[in-house]
Amino acid sequence: MAKLTKAQQTQQTRRAILDRARLLFAEQGFAATGTEEMIQGLGITRGALYHQFKGKSAVFEAVVGEAYREMTDHISQQIQPIEDPWEQLVAGCLAFLEVAQREDLRRLIFVEAPAVLPAETLVEFDQYGFGLLQDSIYGLVDAGQLATIDAEGFSHLVNGALNELVAWVAQGDGAGRLETAQKLVENLLTQYRAE
């Protein structure tokens, strides 16, 4: 078997730390997770962790960044097979809300991240997802399918509603809140659909 290069070893160590930390952060939260636990069983030292990351907060930020990418990938996968732009908008919004029911992402993104990371970091992570939403709304306005006084403002209105609803869904148990939130979003968007 070929020996790993230094760069491959570094990447392998980084990946192992992120995978272990993600599991711990998702199960017990940021506050209850220590750096010793992050490296336990990995065969690496705390020095190796600090060589990769500046500390526990930096590990957490990297984990949450990856979780946001997974969330936007999920949304993209849901809308990709849909051809109708209106249905894409609705499906994308509903897919975003579904993430609140995924245990591997729910606690990381909607419970821990807002409590630990600065708001600017969360906005930065959300840029791609918000970009998808905004592009969809601008396209529908340009096509005359969405009636609003301002496409940019409407994008922020929908994004704000989605963020509040997804936090509400994430804090509840069962599918009842998800179904209610999805109906509310569909009703909101339908009110602005141009005839």
key: Over all atoms of both residues, closest heavy-atom pair of Met38 and Lys56   = CE-CG, 3.5 Å

query = Does some side-chain heavy atom of Leu184 sit less than 4.5 Å from a side-chain heavy atom of Leu188?
reply = no

message = Determine whether Leu122 and Tyr68 satisfy the following criterion, side chain to side chain contact (heavy atoms under 4.5 Å, CB included), listing intermediate values before the conclusion.
response = CA-CA 9 Å; Leu122 299 178; Tyr68 264 84; 4.0 Å; yes

message = Rounded to the nearest 0.5 Å, what separates atom OG in Ser155 from atom CG in Leu132?
response = 11.5 Å

inquiry  = With a 3.5 Å distance limit and no angle check, can you tell me whether Gln127 reaches the backbone of Glu124 through a side-chain donor-acceptor pair?
reply    = no

query = Are Val141 and Tyr192 linked, directly or through other ILVMFWY residues, by side chains that come within less than 4.5 angstrom of each other?
reply = yes

inquiry  = Would you compute the distance between atom CD of Glu186 and atom CZ of Arg193 and round it to the nearest 0.5 angstrom?
reply    = 11.0 Å

ask   = Taking Thr33 as the fixed residue, which of Glu27, Glu112, Gln28 is the one that meets the side-chain hydrogen bond (donor to acceptor under 3.5 Å, both in side chains) rule?
value = Gln28

ask   = Can you get from Phe130 to Val166 by hopping between Ile, Leu, Val, Met, Phe, Trp and Tyr side chains that sit under 4.5 Å apart?
value = yes

Spacing of CD belonging to Glu87 relative to OG belonging to Ser136, to within rounding of 0.5 Å = 11.0 Å

request  = Say whether, by atom type as modelled, one donor and one acceptor occur between the side chain of Arg20 and the main chain of Ile39 under 3.5 angstrom.
outcome  = no

query = Are more than 12 heavy atoms from other residues, nucleotides or ligands located less than 6.0 Å from atom NE2 of His51?
reply = no

task = Give the minimum heavy-atom separation between Gly144 and Ala194, together with the two atoms involved.
result = O-CB, 3.1 Å

query = Any donor-acceptor pair under 3.5 Å linking the side chain of Arg106 with the backbone of Val169?
reply = no

Common cluster, Leu117/Leu18, ILVMFWY with side-chain heavy-atom separation under 4.5 Å = yes

inquiry  = Please check this pair: side chain of Arg177 against backbone of Trp168, looking for a donor-acceptor N/O pair closer than 3.5 Å.
reply    = yes

request  = Taking the side chain as every heavy atom from C-beta outward, state whether Phe154 and Val158 have any pair of such atoms under 4.5 Å apart.
outcome  = yes

query = Is it the case that Glu98 and Gln78 place a side-chain donor and acceptor less than 3.5 Å from each other?
reply = no

task = Could you tell me whether the side chain of Thr5 and the main chain of Gln8 form a donor-acceptor pair under 3.5 Å?
result = yes

Derivation of the side chain to side chain contact (heavy atoms under 4.5 Å, CB included) call for Glu70 and Val99 = CA-CA 10 Å; Glu70 285 179 35; Val99 174; over 6 Å; no

ask   = Aromatic ring centroids of His74 and Phe96 under 6.0 Å?
value = no

task = For residues Ala62 and Arg14, report the shortest heavy-atom separation together with the two atoms involved.
result = CB-NH2, 4.3 Å

ask   = Can you name the closest pair of heavy atoms from Ile17 and Ala48 and give their distance?
value = CD1-O, 4.4 Å

request  = Check the hydrophobic clustering (I, L, V, M, F, W, Y; side-chain heavy atoms under 4.5 Å; chains of links allowed) and say if Val116 and Val59 are grouped together.
outcome  = yes

message = Do the side chains of Asp73 and Arg69 get close enough for a salt bridge, i.e. N-O under 4.0 angstrom?
response = no

query = So which heavy atom on Leu189 is nearest to which on Trp86, and how close?
reply = O-CH2, 3.2 Å

query = Run the side chain to side chain contact (heavy atoms under 4.5 Å, CB included) check on Phe53 and Glu61 step by step: do they pass?
reply = CA-CA 10 Å; Phe53 302 97; Glu61 186 173 325; over 6 Å; no

request  = Using the rule that two of Ile, Leu, Val, Met, Phe, Trp, Tyr join whenever any of their side-chain heavy atoms come within less than 4.5 Å, decide whether Leu162 and Ile82 are in one cluster.
outcome  = no

ask   = Quick one: does Leu133's side chain get under 4.5 Å of Leu89's, heavy atoms only?
value = yes

ask   = Is the closest side-chain heavy-atom distance between Gln171 and Phe110 below 4.5 Å?
value = no

task = Give a yes or no on this: more than 12 heavy atoms of other residues, nucleotides or ligands lie within 6.0 Å of atom OH of Tyr128.
result = no

request  = Please say whether more than 12 non-hydrogen atoms of neighbouring residues, nucleotides or ligands are located less than 6.0 Å from CD in Glu152.
outcome  = no

key: Nearest-0.5 Å distance, CG of residue Leu94 to NZ of residue Lys183   = 12.0 Å

ask   = What is the minimum heavy-atom distance between Leu105 and Arg22, and which atoms define it?
value = CD2-NH2, 3.1 Å

query = Got a second to check how far Leu108's CG is from Phe25's CZ, nearest 0.5 Å?
reply = 8.5 Å

message = One pair to check against side chain to side chain contact (heavy atoms under 4.5 Å, CB included): Asn159 and Asp126. What are the steps and the verdict?
response = CA-CA 10 Å; Asn159 192 55; Asp126 193 36; 3.8 Å; yes

query = Which value, rounded to the nearest 0.5 Å, describes the distance between Leu49 atom CG and Thr13 atom OG1?
reply = 10.0 Å

